[in-house]
S.K.: 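To start, I am sharing the structure in question, which I have written as structure tokens.
Both counts, for ligands and for their atoms, begin at 1 and track the order of listing.
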Amino acid sequence: MQGPGLSEYIDQLLGGQEPLLAELRDDAAAKGIPEIQVPLALGRLLEVLVAASGARTALEIGTLFGYSGILIARSLPEDGTLTTIEASAKHAEVARGNFERAGVADRIELLEGPAGDVLPQLADRRFDFIFIDADKASYPQYLEWSLRLSHPGTVIVADNLWRQGRVVAPDDPDSDGIARFNREVTSNERLLTSMFPRPGDREDAMSVSVVR
Ligand code: SAH
Ligand code: DHB
Ligand code: MG
């Protein structure tokens with residue numbers, strides 16, 4: 001085949017990585033933070049879904065260095081807020097700085113700690129948009145919490161649902177957690193869900209759901 005592949009073609013059309021986001025990515029890599037942020041087209045999809053759903057309150061589980069959080073936060077209306085949860089103190093510190101650099105710090109609440117401990121503190125809150133992207137073994141628990149913290153119309157997105165096929169014959173707690181999440185997210189009667197391959201270097205999938 002001549003010319004670029006499909007993902008390169010799409011990334012080109014989408015304008016490539018913005019200079020500031022590329023800088024944050026390179027700085028994070030230099031600090032030894034893994035480059036497992038959402039790929040460009042998935043990041044753009046998060047922005048589209050946040051804007052299209054009219055979300056004012058967003059929740060993210062798994063901040064890393066703040067890449068997807070910046071995209072979500074900037075797609076919210078001016079009075080919108082993103083609550084993002086990160087277990088690693090190092091990642092949280094870098095993300096805080098990046099939220100400042102991106103000019104979205106005023107609309108982001110970063111809660112530091114394992115999501116399993118932090119989510120119960122949010123029990124009285126309701127979110128319009130939820131992005132699940134943290135430790136894979138806990139995904140079933142994160143889906144339960146997402147349902148509890150949602151209302152009809154809440155959009156729930158989850159990343160890494162295929163893991164290069166490891167979820168089909170799970171031989172580790174991460175893949176087993178995802179396999180259970182996948183069955184639940186597609187069969188729970190409170191959810192209308194679709195699942196698709198996602199862009200990125202490694203073959204993977206994602207889901208988009210709306211709470212009925
Ligand atoms: N959403 C980010 C990528 C998240 S990578 C982006 O696209 O930019 C997964 C993150 O989840 C890592 O930063 C990891 O430290 C964090 N994490 C792992 N276990 C966690 C837990 N139990 N609670 C909260 N965060 C966790
Ligand atoms: C990993 C985590 C992610 O959220 C991701 O998108 C890719 C890889 C990981 O833990 O390896
Ligand atoms: Mg991910």
Side-chain angles (χ1 to χ4, degrees), residues 17-18 20-29 31-47 49-50 58-75 82-99 101-102 104 108-122 129-146 149 156-167 170 172-178 181-182 195-208:
Q17 205 60 257
E18 294 160 46
L20 173 68
L21 295 174
E23 198 177 303
L24 300 186
R25 176 200 62 200
D26 294 344
D27 288 359
K31 289 175 178 134
I33 294 176
E35 289 199 56
I36 51 174
Q37 72 278 7
V38 292
L40 184 74
L42 174 47
R44 184 64 59 82
L45 177 62
L46 294 175
E47 294 189 87
L49 290 170
V50 169
L59 171 67
E60 172 179 73
I61 309 176
T63 315
L64 194 63
F65 62 90
Y67 179 89
S68 54
I70 290 168
L71 302 179
I72 293 168
R74 75 181 188 186
S75 306
L82 167 68
T83 301
T84 182
I85 306 175
E86 175 54 55
S88 152
K90 175 180 171 181
H91 296 179
E93 188 194 339
V94 173
R96 276 202 187 86
N98 289 344
F99 294 149
R101 284 165 79 176
V104 290
I108 299 186
E109 168 188 38
L110 198 170
L111 302 177
E112 205 176 309
D117 295 346
V118 174
L119 285 163
Q121 300 166 24
L122 305 175
F129 181 90
I130 301 176
F131 180 42
I132 303 173
D133 193 21
D135 55 309
K136 311 309 168 193
S138 304
Y139 268 42
Q141 185 194 346
Y142 297 155
L143 182 57
E144 268 181 48
W145 272 107
S146 297
L149 303 177
I156 302 173
V157 178
D159 190 23
N160 308 117
L161 304 185
W162 175 246
R163 310 188 82 235
Q164 299 166 292
R166 278 176 284 167
V167 299
D172 65 287
D174 287 349
S175 296
D176 181 59
I178 299 290
F181 174 94
N182 288 348
M195 197 178 284
F196 11 73
R198 102 210 222 310
D201 299 336
R202 289 181 292 181
E203 193 181 37
D204 218 328
M206 57 179 293
S207 64
V208 179

S.K.: Would you say ligand 1 has an N or O under 3.5 Å from any N or O of I36?
M.R.: no
S.K.: Any donor-acceptor pair under 3.5 Å linking the side chain of D204 with the backbone of L161?
M.R.: yes
S.K.: Could you check atom 23 (N) of ligand 1 against the protein and tell me its nearest heavy-atom contact, residue, atom and distance included?
M.R.: A115 N, 2.8 Å
S.K.: Mind checking whether M206 and F196 have side chains closer than 4.5 Å, heavy atoms only?
M.R.: yes
S.K.: Would you compute the distance between atom CG of L119 and atom CD of Q141 and round it to the nearest 0.5 angstrom?
M.R.: 7.5 Å
S.K.: Specify which N/O/S atom of D133 comes nearest to the Mg ion (ligand 3), by atom name.
M.R.: OD1
S.K.: Measure V38 to ligand 2 on non-hydrogen atoms and call it side chain, backbone, both or neither using the 4.0 Å cut-off.
M.R.: neither
S.K.: For ligand 1, which is the ligand I care about here, please tell me if G66 has any N or O atom under 3.5 Å from one of the ligand's N or O atoms.
M.R.: no
S.K.: Closest by any non-hydrogen atom to atom 5 (C) of ligand 2: pick that one out of D133, D204, N160, D174.
M.R.: N160
S.K.: Identify the closest protein heavy atom to atom 9 (C) of ligand 1: which residue and atom is it, and at what distance?
M.R.: D133 O, 3.2 Å
S.K.: Is it the case that the side chain of T63 and the backbone of I85 share a donor-acceptor pair, with hydrogens and angles ignored and the cut-off at 3.5 Å?
M.R.: yes
S.K.: Would you call E86 and R96 a salt bridge, using N to O less than 4.0 angstrom?
M.R.: no
S.K.: Using a 3.5 Å cut-off on N or O atoms only, is A87 in polar contact with ligand 1?
M.R.: yes
S.K.: Give the atoms of ligand 2, by number and element, whose distance to some non-hydrogen atom of R198 is under 4.0 Å.
M.R.: 6 (O)
S.K.: Rounded to the nearest 10°, what angle sits at the Mg ion (ligand 3) between OD2 of D159 and OD1 of N160?
M.R.: 90°
S.K.: Could you go through the side-chain hydrogen bond (donor to acceptor under 3.5 Å, both in side chains) check for N98 and Y67 one step at a time?
M.R.: CA-CA 8 Å; N98 289 344; Y67 179 89; over 6 Å; no
S.K.: Can you name the atoms of ligand 1, numbered from 1 with element, that are less than 4.0 Å from a heavy atom of Y67?
M.R.: 8 (O)
S.K.: Starting from atom 10 (C) of ligand 1, which protein heavy atom do you reach first, and at what distance in Å?
M.R.: E86 OE1, 3.7 Å
S.K.: Starting from atom 18 (C) of ligand 1, find the nearest protein heavy-atom neighbour and note its residue, name and distance.
M.R.: D135 N, 3.9 Å
S.K.: Compare every heavy atom of L82 with every heavy atom of G69, then report the nearest pair and how far apart it is.
M.R.: O-CD2, 3.4 Å
S.K.: Indicate yes or no: does an N/O atom of Q37 lie under 3.5 Å from an N/O atom of ligand 1?
M.R.: no
S.K.: Any N or O on S88 sitting closer than 3.5 Å to an N or O of ligand 1?
M.R.: no
S.K.: Would you say ligand 2 has an N or O under 3.5 Å from any N or O of R202?
M.R.: no
S.K.: Does L40 form a side chain to side chain contact (heavy atoms under 4.5 Å, CB included) with L21? I'd like the steps, not just the answer.
M.R.: CA-CA 10 Å; L40 184 74; L21 295 174; over 6 Å; no
S.K.: Taking only heavy atoms of A134, which atoms of ligand 1 are found under 4.0 Å from at least one of them?
M.R.: 11 (O), 25 (N), 26 (C)
S.K.: Output the list of atoms in ligand 1 that are nearer than 4.0 Å to some heavy atom of Y142, sorted by atom number.
M.R.: 21 (C), 22 (N), 23 (N)
S.K.: May I ask you to identify, for M206, whether its side chain, its backbone, both or neither come under 4.0 Å of ligand 2 on a heavy-atom basis?
M.R.: neither
S.K.: Could you grab the distance from atom CG of L42 to atom CD of E47, nearest 0.5 Å is fine?
M.R.: 10.5 Å
S.K.: For F129 and L46, run side chain to side chain contact (heavy atoms under 4.5 Å, CB included): C-alpha distance rounded to whole Å, both residues' side-chain angles, the deciding distance at 0.1 Å, then the answer.
M.R.: CA-CA 10 Å; F129 181 90; L46 294 175; 3.9 Å; yes
S.K.: For atom 8 (O) of ligand 1, what's the nearest protein heavy atom and its distance?
M.R.: S68 N, 3.0 Å
S.K.: For a 4.5 angstrom cut-off between non-hydrogen side-chain atoms, does I33 reach H91?
M.R.: yes
S.K.: Heavy-atom contacts under 4.0 Å between F131 and ligand 1: side chain, backbone, both, or neither?
M.R.: side chain
S.K.: Under 4.0 Å from a heavy atom of K136: give me the atoms of ligand 2 that qualify, with their elements.
M.R.: 2 (C), 3 (C), 4 (O)
S.K.: Check ligand 2 against D159 and write out every atom of the ligand that is under 4.0 Å from a heavy-atom position of the residue.
M.R.: 6 (O)
S.K.: Identify, for atom 10 (O) of ligand 2, the protein heavy atom at the shortest distance, and state residue, atom and that distance.
M.R.: I36 CD1, 4.2 Å
S.K.: Assess the residue pair R166 and D172 against the criterion (salt bridge (Lys or Arg N to Asp or Glu O under 4.0 Å)); give the C-alpha distance rounded to whole Å, side-chain angles, the decisive distance to 0.1 Å, and a yes or no.
M.R.: CA-CA 9 Å; R166 278 176 284 167; D172 65 287; 5.0 Å; no
S.K.: For salt bridge (Lys or Arg N to Asp or Glu O under 4.0 Å), just list the numbers for E93 and K90, CA-CA rounded to whole Å, side-chain angles, deciding distance to a tenth of an Å, and then say yes or no.
M.R.: CA-CA 5 Å; E93 188 194 339; K90 175 180 171 181; over 6 Å; no
S.K.: Per the side-chain hydrogen bond (donor to acceptor under 3.5 Å, both in side chains) rule, which among D159, N160, D174 passes with K136?
M.R.: N160
S.K.: Does any N or O atom in V38 lie less than 3.5 angstrom from one in ligand 1, N or O only?
M.R.: yes
S.K.: Check the side chains of N182 and Y139 for a donor-acceptor pair under 3.5 angstrom, ignoring hydrogens and angles.
M.R.: no
S.K.: Provide the number and element of each atom of ligand 1 under 4.0 Å from a heavy atom of E60.
M.R.: 1 (N)
